[in-house]
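Notes follow the structure.
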Amino acid sequence: MKSYKTFASEKTTFTDRTTGATVHQLTNYKCNSTHPYFTDDGWFDNDRRMLFKSDRDNATNIFSIEIESGEINQLTDFQPGVDIRSPLFVNKRYNEIYYEKGDSIFALNLETLESRLLYVAPKGFNVGGARPTGDGKAVVLSLTEDTSDRIQANLSAGYIGFNDIFEAKPDCRIVRVNLETGVADTVWQEYCWVGHVNPSPTKGNLISFCHEGPWQLVDHRIWVLDLDTGKATKIRERETDGEMVGHEYWFEDGINIGYQVHHRTAGQEESFFGFEDYKGENRMEATWGAPMPTPDHIHSVGFNLVVGDSGKTIKAFKYNGKSFEGPRIICMHDGDFFFGSHHPHPRMTRDEKHVVYNSTCTGYCQIYMVDIPEKFEDLPMLDLKKYKKK
């Protein structure tokens, strides 16, 4: 595979001290490395390789790792001081990904490593989150009004300025860029903080987005937008005051959207998982009978097994047809949640056999992959008091 630089395998394997599960540490360079966000598909080469970002040699660049051998290839060659951002979401149609540098979006071919300019944001807006549509024919991205002249924010570090941006109701837009013609059209605009623009992995005309802000305060969190008609559909409306719905993501089928709910009834707090299809129909929800510790980022391929990362553990919940059993501990991640991109953000592999996550337990953020034991019942139950976030 072509690369600017090749790193020998840094992969080590150990047995988790609590569960006995097999854990593979994939990176071990004295810098921060992070896997793709849990909503982003960063796998390519028939899922043999995974993309990641790393700050090696004091510069942020994009890399790939061959999971079996552990060999690492550097795919960009930016120098120290150059700020790049990327969802690391692979467009299988063109074998490319998209990254942001300054006010511009570029495409990076994963085979040739050639880059080309796709889009330049208009003045007064910050651009981000360029991801391919499900058919690979276009890229969708978000534009957010630049509020830095009146709001001092650092969302990555403990969400500084989060409430201020929410209350400011910035001008936000969603743009679709046709990859054949280069034509960019605004498919959504509103004076509300819009975030988490995620395409359906199978349907080229569908994306989800959210109204960003404190979950209990936003007017409505999850939306699905039909790019062809411009129609937006609400997904899982709030049913009681203060109910919190979020951490939405597409199931592998590209039809259903998973989420979590935090709910209070008669002074009792409860958390549960659910999903609805892109029409806002065919809802299914199931509880595990207790409040979920937060923050907790969840992911699943479908509704059979859900993984989360709150506290110090990577944990699993298993659906039994009526409710979720667990949580049971897959392994300890022992990381912290201070800096946004260093959150564990667990993502299950398509075959539901492994979970990829970040951890800062060594002092730097590194990437890990744990094998999910075959027998869910053999995993230890989570003791919320023992493994709570410190």
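The analysis underlying the following values was restricted to heavy atoms, covering all of them including side chains, and did not include hydrogens, waters or symmetry mates. Quick note: residue numbers are just sequence positions, from 1.
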Would you say [X] and [Y] are hydrophobically clustered, going by side-chain heavy atoms of ILVMFWY under 4.5 Å?
{"X": "I222", "Y": "M244", "result": "no"}
{"X": "V140", "Y": "Y94", "result": "no"}
{"X": "Y357", "Y": "F52", "result": "no"}
{"X": "I329", "Y": "V370", "result": "no"}
{"X": "I84", "Y": "L117", "result": "yes"}

Do the ring planes of [X] and [Y] sit parallel (below 30°), tilted (30 to 60°) or perpendicular (above 60°)?
{"X": "F303", "Y": "F275", "answer": "perpendicular"}
{"X": "H299", "Y": "Y249", "answer": "tilted"}
{"X": "Y37", "Y": "H345", "answer": "perpendicular"}
{"X": "H247", "Y": "H297", "answer": "tilted"}
{"X": "W223", "Y": "H220", "answer": "perpendicular"}
{"X": "F209", "Y": "H211", "answer": "tilted"}

Inset, instruction - Give, for atom NE2 of H24 and atom NE2 of H354, the distance between the pair rounded to the nearest 0.5 Å. - result: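 Here the interatomic distance stands at 7.0 Å.
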Inset, instruction - Give, for atom NZ of K53 and atom NE2 of H35, the distance between the pair rounded to the nearest 0.5 Å. - result: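 K53 atom NZ to H35 atom NE2 measures 11.0 Å (nearest 0.5 Å).
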Inset, instruction - For N61 and T76, test the side chains for any donor-to-acceptor distance below 3.5 angstrom and give the result as yes or no. - result: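 Note: N61 and T76 side chains meet the donor-acceptor criterion.
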Inset, instruction - Tell me yes or no: between the side chains of R49 and N73, is some donor less than 3.5 Å from an acceptor? - result: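 There is such a pair between these side chains.
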Inset, instruction - Please determine if R131 forms a cation-pi arrangement with Y98, meaning its NZ or CZ atom is less than 6.0 Å from the six-membered ring centre and no more than 45° off the ring axis. - result: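 Here R131 fails the 6.0 Å and 45° test against Y98.
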Do the side chains of [Y] and [X] get nearer than 4.5 Å, heavy atoms only?
{"X": "F317", "Y": "L305", "result": "no"}
{"X": "F376", "Y": "E325", "result": "yes"}
{"X": "Y364", "Y": "K30", "result": "yes"}
{"X": "T19", "Y": "I330", "result": "no"}

Inset, instruction - For the pair R150 and E145, evaluate salt bridge (Lys or Arg N to Asp or Glu O under 4.0 Å) and give the outcome as yes or no after the intermediate values. - result: CA-CA 12 Å; R150 57 191 188 277; E145 179 186 351; 3.3 Å; yes
Inset, instruction - Please test N256 against D277 for side-chain hydrogen bond (donor to acceptor under 3.5 Å, both in side chains), starting from the C-alpha separation and ending with a verdict. - result: CA-CA 4 Å; N256 295 295; D277 66 23; over 6 Å; no
So, [X] and [Y], do they make that salt bridge, N to O below 4.0 Å?
{"X": "E68", "Y": "R48", "result": "no"}
{"X": "K92", "Y": "D41", "result": "yes"}
{"X": "K11", "Y": "E71", "result": "no"}
{"X": "R85", "Y": "E100", "result": "yes"}
{"X": "D296", "Y": "K315", "result": "yes"}
{"X": "E276", "Y": "R236", "result": "no"}
{"X": "D135", "Y": "R93", "result": "no"}

Legend entry - Close aromatic pair by centroid cut-off 6.0 Å: F78 and Y99: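 Ring centres of Y99 and F78 closer than 6.0 Å.
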Inset, instruction - Could you check D55 against T60 for side-chain hydrogen bond (donor to acceptor under 3.5 Å, both in side chains), going step by step and ending with a plain yes or no? - result: CA-CA 4 Å; D55 299 329; T60 301; 2.8 Å; yes
Legend entry - Pairs touching residues 184-213 that satisfy salt bridge (Lys or Arg N to Asp or Glu O under 4.0 Å), sequence neighbours left out: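 Output for this query lists R176-D185, E212-R221.
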